[in-house]
2 protein chains.
Amino acid sequence: MATSTVENYLKAILLRTEGSDHIVSMGVLAEALDVVPGTVTTMVKALAEQGLLDHQSRQGVRLTEAGRQLALGVLRKHRLVETFLVQTLKMDWSEVHEEAEALEHAVSERVLAQIDDFLGHPTTDPHGDPIPDVNGSVAGGAASVTLLNCALNQPLCVARIIDQSPAFLEFVQQTGLKPGARLQVVRREPASGVLHCEVRPGGEVALGLPEAGKIAVRSVS
Amino acid sequence: MATSTVENYLKAILLRTEGSDHIVSMGVLAEALDVVPGTVTTMVKALAEQGLLDHQSRQGVRLTEAGRQLALGVLRKHRLVETFLVQTLKMDWSEVHEEAEALEHAVSERVLAQIDDFLGHPTTDPHGDPIPDVNGSVAGGAASVTLLNCALNQPLCVARIIDQSPAFLEFVQQTGLKPGARLQVVRREPASGVLHCEVRPGGEVALGLPEAGKIAVRSVS
DNA sequence: CGCGGTATTTTGACTAGTCAAAATATAATT
DNA sequence: AATTATATTTTGACTAGTCAAAATACCGCG
């Protein structure tokens, strides 16, 4: 069985390739996993031995099909657990990420199947991220429209929070910009770098352009 | 934070002292944890350093108050998780032990509190074992009456399955001797080493005397 | 082309947990 | 009391994962 360290490496790589099969650098991985770069090199070589990824020296890594399947399994556990913690155990939307980070390595397939049944086979987690199915296919990654590149004054709905950092989640929580919330973009000010939008129950919210790119939306009729 | 190995050592010791503060030998521990005796000696010395237990050389170990509290916390997680898996996720009574064995080290206090609320603060798990409360006190260990030492032809109710090995659990499952089941002991045959009892919905069951001692009961009016 | 800067890899060392096997202490038996 | 059996401890070695710091490769730039 894969240790939880191995699972974390693979998941981190998967999360940073997102469909496009571009290569992930050692530095990025070291940052993501909070270890020094030398450690990543060592570990990555071991994982390449096991056939879980390809390592081009001095370039970076890319998951093999076996590695991808394993990573998708972990991601599935993570997201189903998050959904469960929010929907069933009524836990706070912005704190479940860390909890799921620990639980994803301890939940067996058997338990996961029960959770999946219990929840009625959801397809997205509370942050709007798609939940891979049992066979490892992820629901269509519809080219993401964010607050940064959407039309102005159109009725929208928050589809997904891309940046999962606790601080950002907290901000989203405060302003009511959670997945499912209705809103429309009032105006963008490239000069000041600020974007204004009108959130349905809540009022006007201002946020920086980089931050706006972290909130995916879809239009509603 | 205590590693899961540490948690397992402490839990194993707690489980083998059961109220009475008698000492646990290295051999018993090695057997329980499935490691060689030398490993236990090494580990135990480290735990003694940390003040989690007392180690009398060549005799055995005994938990300190700090160690006991930690072990009770783990036991509480284990039993609440078991209860949750059976009651909420409808998992099989005889398979949850192993699952809980993994989950008990990954569930945070925060998640545990939600589970406890969700279940309505149960006091015993599906095997009839008492669940320690948040402060680490275990509901009265009423001197255990088992099928071995109870009165004959009296209406009884299974209170607890003492032997948690998968094989025994499976047998209990088959014969319907689960906690809560009604029964009465028809006769004991010391000569043949067999005990016969009448289980309420199920009929007559025969079991060996050592096995009879693994099923705790209480009388019902 | 050669040079500096950045990212990556290597090297040596450390911690937690483990085993195999030899050494030692304790208890049991004759 | 001497010997044997049994349990415990010690010793040396190994794996997984990690860090610090030195060595190396690669990039762009003057």
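Residue numbering restarts at 1 for every chain, and letters A, B, ... go by the order of the sequence lines.
- For the salt bridge (charged side-chain N to carboxylate O under 4.0 Å, His left out) condition, the pairs that include at least one residue of residues 114-123 of chain B, sequence neighbours left out, are B/Arg76-B/Asp116.
- Here C/dT8 presents its P atom at 11 Å from CD1 of A/Ile23, a figure rounded to the nearest Å.
- Here the side chains of B/Val172 and B/Asp163 are not in contact, with every heavy-atom distance at 4.5 Å or above.
- When the P atom of D/dT6 is taken as reference, atom CD of B/Glu31 falls 16 Å away, rounded to whole Å.
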What donor-acceptor contacts under 3.5 angstrom involve side-chain atoms of residues 27-56 of chain A, with partners at least two apart or in another chain?
residue	atom	partner	partner atom	Å
A/Thr41	OG1	A/Pro37	O	3.4
A/Thr42	OG1	A/Gly38	O	2.9

Determine all donor-acceptor pairs shorter than 3.5 Å in which one atom belongs to a side chain in residues 98-109 of chain A; sequence neighbours excluded.
residue	atom	partner	partner atom	Å
A/Glu99	OE1	B/Ser108	OG	2.7
A/Glu99	OE2	B/Ser108	OG	3.0
A/Glu99	OE2	B/Arg110	NE	2.9
A/Glu99	OE2	B/Arg110	NH2	2.9
A/Glu101	OE1	A/His97	NE2	3.3
A/Glu101	OE2	A/Lys11	NZ	2.4
A/Glu104	OE1	A/Lys11	NZ	3.3
A/Glu104	OE1	A/His78	ND1	2.9
A/Glu104	OE2	A/Lys11	NZ	2.8
A/His105	ND1	A/Glu7	OE1	2.5
A/His105	NE2	A/Asn8	OD1	3.0
A/His105	NE2	A/Glu101	O	3.4
A/Ser108	OG	A/Arg110	N	3.3
A/Ser108	OG	A/Val111	N	3.1
A/Ser108	OG	B/Glu99	OE1	2.7
A/Ser108	OG	B/Glu99	OE2	3.0

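- Take A/Ala206 and apply the side chain to side chain contact (heavy atoms under 4.5 Å, CB included) test, not counting sequence neighbours, and it matches A/Val194, A/His196.
- A search for side-chain hydrogen bond (donor to acceptor under 3.5 Å, both in side chains) contacts involving B/Arg62 returns nothing, not counting sequence neighbours.
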Report, as a single string ordered 5' to 3', how protein heavy atoms within less than 4.0 Å touch nucleotides 11-26 of chain D: B base, S sugar-phosphate only, - not at all. ------SSBS---BS-

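- For the OP1/OP2 pair of D/dT9 and a distance below 4.0 Å, the side-chain nitrogens and oxygens of B/His55 include at least one atom meeting the criterion.
- Following rounding to the nearest Å, B/Gln56 (CD) and D/dA7 (C1') show an atom-to-atom distance of 16 Å.
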